[in-house]
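Atom set for the values below is all heavy atoms of this structure, side chains included, hydrogens, waters and symmetry mates excluded. Quick note on labels: first sequence line is chain A, next is B, and so on, each numbered from 1. Because the structure is a prediction, the values reported are computed rather than measured.
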Amino acid sequence: MKEKIDLDLNRLSMPDFGESDTELDALFSDAREGQPALFDDNFTKVVANSLPTKPIRRRKGGISFDLIGAMIGLVLAYFLFDVSRVVSGVLSLVPETLTLSPVHILMALGFVSGMSVFAWWAVENSRA
Amino acid sequence: MEKLDEAVLVELAVSDNDQRAFSELVNRHQSNLRYSMRQLTNWNEDLADDLAQDTFIQAFKELHRFRKEAKFSSWLYRIGYNIFLQYVRKKQLDTQSIDEDPYTANQLMSSEQGDEDSPLHQKVAKLLAMLEPERRSVLHLLLHRQNTQQEISEIMGIPLGTVKTHINRGRAVLQQKLQGWRETTS
């Protein structure tokens, strides 16, 4: 029974058009075999003239330098700062009670909307 | 320069900023890329060439990211596909039109332009234009470039399941259209 259902599903997802299926493959095969050679010196020149003149940057080991820097920073911070004081200082900044008024919620929504618009704008501009 | 391996040309272009090496890569791949762009843009030659040029320029900028073990043509096509998709999104160029009969349109175009060299290629481009851009690219890579489904998935950066869906549905649309044309002409 299961096999029958699987077969039927395969039939649904892979419709068999028989003759036109062959015809489609034949059409593309003809196009492939008869593909014109679109070679043009001028095209290459236009591309060459549009290439940026400054050298291509290769970031060899860039990530490793960042990682090493971060590790050194962490080690220094560990020895130079009193960790428990920093933690308690940060915790003291957290309010014990929090009151949310409609104005606060509106401000938060406005901030989130603004950030979303900014993110959308940044993505669209990076694509351009 | 002409017989150098592509990996060597890429290395020369990246480390020595050798534009001659990159021009050689352009020479080797321009024909296929320009043809593919024509197929994707409903045989709009000027637009296709502009997109192909943008592709090569973008490829030059990102050449340092090219992995030597990858196939240069696949990597280039991936950039080209993204350039094409960006153009479609930006200009809202969607030539999909189920109501339009591409065969008739193609006949009209051929008779008006008198282009005796490419009616077959225009016909294929018109047929592909029936599909939305992503599906069009999948069908072009499959039927013309003969890439495998896995390769298409990697080139286009979409899941394998999506590729399969595009192939099944795209083929069905193209086959129906071809059947329609046959009935019209017979």
Ser50(A) vs Gln53(B) side-chain heavy atoms within contact, under 4.5 Å: no

Tell me, for Phe22(B) versus chain A, whether the close heavy atoms (under 4.5 Å) come from the side chain, the backbone, both or neither. side chain

With a 4.0 Å cut-off on N to O distance, would you call Arg171(B) and Asp25(A) a salt bridge? yes

Can Tyr81(B) and Glu134(B) be said to form a side chain to side chain contact (heavy atoms under 4.5 Å, CB included), step by step? CA-CA 9 Å; Tyr81(B) 164 70; Glu134(B) 188 170 281; 3.4 Å; yes

Kindly indicate, with the supporting measurements, whether the criterion side chain to side chain contact (heavy atoms under 4.5 Å, CB included) is fulfilled by Leu120(B) and Leu27(A). CA-CA 8 Å; Leu120(B) 168 69; Leu27(A) 180 72; 3.7 Å; yes

Does a donor on one side chain sit under 3.5 Å from an acceptor on the other, for Gln175(B) and Gln179(B)? no

Find out whether Pro52(A) and Lys61(B) are in side-chain contact, i.e. whether some heavy atom of one side chain is under 4.5 Å from a heavy atom of the other. yes

Members of residues 137-149 of chain B whose heavy atoms come closer than 4.5 Å to chain A: Leu143(B), His144(B), Arg145(B), Gln146(B)

Side chain / backbone / both / neither for Leu25(B) at chain A, heavy atoms under 4.5 Å: neither

Pair count under 4.5 Å, heavy atoms only, with chain A: among Asn32(B), Asp54(B), Ile167(B), Leu33(B), highest is Asn32(B)

Side-chain ion pair, Arg28(B) and Glu24(B), N-O less than 4.0 Å: yes

Is a donor from one side chain sitting under 3.5 angstrom from an acceptor on the other, for Thr44(A) and Gln30(B)? yes

Heavy-atom pairs under 4.5 Å with chain A are the metric here; pick the option from Arg34(B), Lys164(B), Arg38(B) that has the most. Arg34(B)

